[in-house]
Structure formats: structure tokens, C-alpha cells
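First the proteins, then the strands, lettered A, B, ... as listed; each starts at 1.
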Number of protein chains: 2
Amino acid sequence: METMKEQQTANDGLTTEEKILAAAGKVFTRKGMAGARMQDIANEAGINKALLHYYFRSKEKLFDAIFEKTFQQFVPLMHLEFDSTDDFRQMLRNMVRLYVMMVKKSPYLPSFLLNEMHQNPDKIQHLLLKMKVSEFPKRLQIRFSEAGITGDPRQLLLTLISGVIFPFAAKPLLMPLFFENNEKIFDRFITDRSVFLEDLMLRMLVNREDDDAKLDSDNSNFNTNAL
Amino acid sequence: METMKEQQTANDGLTTEEKILAAAGKVFTRKGMAGARMQDIANEAGINKALLHYYFRSKEKLFDAIFEKTFQQFVPLMHLEFDSTDDFRQMLRNMVRLYVMMVKKSPYLPSFLLNEMHQNPDKIQHLLLKMKVSEFPKRLQIRFSEAGITGDPRQLLLTLISGVIFPFAAKPLLMPLFFENNEKIFDRFITDRSVFLEDLMLRMLVNREDDDAKLDSDNSNFNTNAL
DNA sequence: AAATAGTTTAACCAAACGGTTAATAAGTGA
DNA sequence: TCACTTATTAACCGTTTGGTTAAACTATTT
């Protein structure tokens with residue numbers, strides 16, 4: 001072995017570089033590029049500030065690494081469902097559940113990306129090219145055609161994503177307004193919303209000429225009784 | 001008149017304080033509290049940096065003023081429609097159109113609020129109390145009852161708001177992905193989306209037992225042909 | 001063990017930042 | 001015109017911040 005580059009499990013079973021990335025992820029996603037301090041990250045990682053510059057030359061380089069890593073958590077999620085599930089309706093259900101699960105796990109992620117993409121849109125551009133996201137709309141269109149569905153797939157997709165993400169992104173506002181500052185109530189709402197959105201996605205595809213479409217369950221959240 | 005506090009139309013027909021607020025609004029909404037520099041704001045307003053501290057003692061005070069002002073643009077918008085329009089369906093249509101118009105006019109606003117509310121949720125709390133937003137959910141529930149509609153009104157409301165806001169909040173990401181970096185295509189999509197969302201709101205209220213509900217037009221964006 | 005390469009730290013630095021000060025300019029009332 | 005308050009500016013100050021440096025520590029190789 002020539003230089004033995006690999007560093008081994010320092011104390012927590014984590015490389016120093018891994019500790020830095022984990023810490024930077026936390027701090028950056030919470031405070032954003034401008035709000036995060038290198039000292040905060042160093043503290044969070046339990047190391048000296050200079051080490052940050054030793055592993056990643058500058059704050060921007062470190063941020064880029066985090067931004068890219070964070071962004072990459074989204075993309076494969078999208079691609080996946082397109083290929084996996086044959087049944088279009090089931091695919092929509094899965095997507096809703098997948099997104100909910102994901103955002104539940106990292107609730108700071110959406111507003112972080114939503115905010116930082118405005119600061120330097122060029123970075124987004126670069127990332128989109130790096131991964132193969134450009135073919136995304138076409139594949140969506142194909143699934144639509146295969147399922148015999150007309151209309152703009154982008155409308156459905158944006159409704160789906162925004163519907164899942166928004167309650168988390170606006171949580172600090174909604175919490176006292178809609179959920180009595182009670183985390184349990186919020187969680188219950190999210191559970192309900194997952195079902196609601198799944199139902200909504202299917203409902204989008206149903207119109208009057210299509211009443212025999214097999215709606216698996218009857219837990220539709222909205223019923224018109226009068227008017 | 002004792003002290004003659006009011007300052008008159010300096011040059012642009014704007015008070016210095018107004019110029020500061022306008023400049024601060026621009027800079028803060030684009031770069032956020034942490035990213036904005038007092039010097040930037042001073043430059044944008046075409047004044048000396050010390051003047052900022054003369055009118056608003058600190059950066060935080062200035063930010064609070066902007067944050068509050070920005071936030072206040074949202075709230076009356078919500079309240080309004082609840083009282084104005086009698087017909088529930090028409091109310092939903094109006095809300096969609098109103099939100100689209102508003103976000104079109106100030107496209108940086110959503111991601112600004114979405115981001116800053118995470119930094120200091122206490123400020124949001126304070127603002128919510130200051131205006132009378134707490135009664136908001138109840139009034140929504142009442143409109144639902146009046147219209148004979150069952151289900152959770154929060155689900156509908158969040159779907160509506162997120163559906164309008166998200167395309168703007170995620171614009172830098174969507175622009176190359178869905179809209180070929182073409183502003184015209186984006187605008188057309190938003191126009192379509194307004195119609196789409198109006199339709200979606202109504203569609204939420206329709207189920208199989210209610211086929212005779214008068215759907216005004218047939219421009220439903222989604223039709224199932226097969227499957 | 002000596003030499004060498006990789007890792008970590010304390011101390012330091014220059015620039016940027018929010019904020020202050022003291023002086024000047026401009027308007028107001030007598 | 002004179003006194004007085006308000007508005008505006010240039011220069012300055014202390015702190016924070018991203019980044020550097022040189023030395024120390026650790027491990028690997030010979």
C-alpha cells in the first residue's frame with residue numbers, strides 16, 4: 001500500500017470527513033449558506049475550525065458538497081417510481097407515500113433547497129446536468145400516454161410534490177394556526193394528508209365518462225351533500 | 001403644528017423612510033436576513049449607511065419592519081375572500097386567481113417567508129397574534145358547513161395555497177426542467193395552472209353521488225381514455 | 001529509531017460587517 | 001437673522017468571519 005489514504009473510524013465509527021459532512025449538513029440546512037458559520041460547523045462536528053479548510057478548501061466548496069448531496073436525495077426518488085411500478089395509479093400512490101416518508105425524515109430539506117436555489121440558480125443548473133434529470137418530463141409524458149391519460153403531466157406532478165412538501169415548509173406558520181402547536185395533531189394531519197393526496201391524484205384522472213373506474217377504497221375526504 | 005414630523009417628497013416623490021423600506025424590501029426578500037448587508041440596502045436606496053440606523057436603530061429592527069410588512073400582504077388576502085363571495089365555488093375560484101395574481105406580482109415573497117419563518121418562529125407567532133389570524137380556521141370550517149361540505153377544510157386550503165405558490169418558489173429548479181428556460185412557456189403554464197387549480201378545487205367537492213353538479217365548463221385538464 | 005507523510009490544533013490575519021460618532025447641511029419658527 | 005431641531009454624511013470602532021500558518025501530534029515506512 002502506497003499512502004494509505006483511507007482514514008479509519010476515529011472514535012464514533014466515523015471518518016473526520018464524514019463527521020464534517022454530517023455537521024455541515026445539519027447547520028447548512030437549518031441556517032442556509034449565509035446564516036451558517038464555519039465555527040458552528042466545527043463545533044457541531046467536535047473538531048477544530050481549521051480542519052474544515054483542510055478537508056474542504058473553502059466555505060463555498062463545503063456548501064457545494066452539502067448542496068449537491070442534499071439535492072441528490074431528491075432526484076433518485078423521482079426516477080425510481082417511473083420504472084418500478086407498472087400500474088399508473090399505484091405509481092401515484094407510491095409517489096405520495098415515498099415523498100411523505102422522505103420529508104418526514106428530513107423536514108428541513110425542502111425549505112433549504114427552496115431557498116438556496118434562488119441564491120445561485122447556476123448551481124442548480126449544473127446539478128441538473130450532472131444527473132440525468134433532463135429526460136424527466138419526457139418519461140412522465142410517456143407514462144401518461146401509456147395509461148391513456150390526456151392533459152399536462154406537469155400539472156399533476158407539481159400538485160403532488162407541492163402538496164406533500166408545503167405543510168412541512170410552512171410548518172412554523174401552520175403549527176399555531178391549524179395544529180394548536182401540537183405535534184401529535186400535525187402528525188395525524190400528515191397521515192390523513194397522505195391518504196387525501198393519493199385520493200386526489202386518482203380523482204384528477206376521473207371524469208364523468210369514466211364512472212366505472214375501480215376506485216379501490218371509499219375513503220374520499222370530501223363529499224358534497226347539498227348545494 | 002408643533003414639530004412638523006412629516007417629511008416631504010425628497011426627489012423621487014418618496015420619503016427617505018419610504019426609500020429605505022423599498023430598498024430593504026428588495027434586498028431582504030432576495031437574500032434573506034442573514035444574506036442581506038446593510039451596505040447593500042443603503043446602496044439600493046441611494047443613501048448613506050448610517051441613515052439606516054438613524055431611521056431604524058438596528059438591522060433586526062429594520063428586518064422586522066420588512067418581515068411584518070411582507071407578511072401583512074398575505075393575511076388580508078385570505079380574510080377578504082371569506083366575507084366577500086357568497087357562492088362557495090366562486091370563492092374558491094377567486095382565491096386561486098387572487099393568489100396567482102399576488103405571487104406573480106412579487107415572486108420572491110413566498111420563498112422569503114418560507115425560509116425566514118424557520119429562522120425565528122417566535123416572530124411568526126407574534127405576527128399571528130397581532131393580526132387576527134387565529135380565527136381563520138373556524139371561519140373556513142363555517143363556510144364548509146354552510147355549503148354542506150364535509151371533510152377537512154385545511155386539506156383543501158393547503159392544496160390550494162401550495163399549488164399556487166410552489167411553481168414560483170421552485171422556479172429556478174423547474175425553469176430548465178419543465179419550461180426550457182423560456183419565460184413565455186412558464187407564464188403560459190401559470191395561466192393554465194390557474195384554470196387547472198380552479199377546476200381541481202371544484203373537483204375535490206364532487207364525488208360519484210353528485211354527478212348532476214353543474215360544472216360550468218368542460219376544460220378539465222385530465223381525461224382518462226383507457227385503462 | 002529515524003525519516004516521512006498525513007492529520008489536527010492554537011494562534012493569527014485581513015476583510016467585512018453592524019453600529020457609533022462627531023461634524024455638517026437643511027429645514028423651521030421666532 | 002438667529003436659535004434650534006431634524007436630516008445626512010464621512011470617518012471611525014470593535015467584533016465577527018472566512019481563511020492562513022506554523023507548529024505539534026499521529027501513524028506508516030524503512
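For B:Glu183 and B:Lys171, the salt-bridge test passes: some basic side-chain N is under 4.0 Å from an acidic carboxylate O. Salt bridge B:Glu68/B:Lys130: present, at least one basic N to carboxylate O contact under 4.0 Å.
A straight line from CG of B:Leu51 to P of D:dA10 spans 10 Å, rounded to a whole angstrom. Rounding to whole angstrom units, NZ of residue B:Lys61 and P of C:dG18 are separated by 16 Å. For the pair A:Tyr54 OH and C:dA11 P, the interatomic distance rounds to 21 Å; values are reported in whole Å. When rounded to the nearest whole Å, the span between CZ of A:Phe63 and P of D:dG19 equals 13 Å. In this entry the distance linking NZ of A:Lys59 with C1' of D:dT16 reads 12 Å, nearest Å. Taking atom CD of A:Glu17 as the reference point, atom P of C:dG6 lies 15 Å away to the nearest angstrom. Rounded to an integer number of Å, the gap from CG of B:Asn48 to P of C:dA22 is 16 Å. Between the CG atom of B:Leu52 and the P atom of D:dT9 there is a distance of 10 Å, rounded to whole Å.
Heavy-atom neighbours of A:Lys123 NZ from other residues, nucleotides or ligands within 6.0 Å: above the threshold of 12. Residue A:Gln72 qualifies as enclosed at atom CD: its count of foreign heavy atoms under 6.0 Å is above 12.
The only member of A:Phe189, A:Phe186, A:Tyr108 that meets ring pair (Phe, Tyr, Trp, His ring centres under 6.0 Å) when paired with A:Phe168 is A:Phe186. A side-chain contact (heavy atoms from CB on, under 4.5 Å) with B:Arg93 holds for exactly one of B:Arg89, B:Arg97, B:Met95; it is B:Arg97.
When each of C:dG18, D:dT8, D:dT20 is scored by its nearest atom to the side-chain atoms of B:His53, the top-ranked nucleotide is C:dG18. Among the nucleotides D:dG19, D:dT9, D:dT6, the one closest to any side-chain atom of A:Met38 is D:dG19. Of the candidate nucleotides D:dT17, C:dG18, D:dG19, D:dT17 has the atom nearest to the side chain of A:Arg37. Closest to the side chain of A:Thr16, from the set C:dT8, D:dG19, C:dG19, is C:dT8. The side chain of A:Ala50 lies closest to C:dT9, out of C:dG19, D:dT8, C:dT9.
For A:Phe56 and A:Phe63, the gap between ring centers reaches or exceeds 6.0 Å.
Of the residues in residues 20-34 of chain A, not one places a heavy atom less than 4.0 Å from an atom of DNA chain C.
Each of B:Gly46 and B:Lys49 was assigned the nucleotide of DNA chain D with the nearest heavy atom; the assignment lying further toward the 5' end belongs to B:Gly46.
Distances shorter than 4.0 Å separate some side-chain N or O of B:Tyr55 from OP1 or OP2 on D:dT8.
Among the heavy atoms of the strands lying under 4.0 Å from A:Ala36 are primed sugar atoms or P, OP1, OP2 only; no base atom is included.
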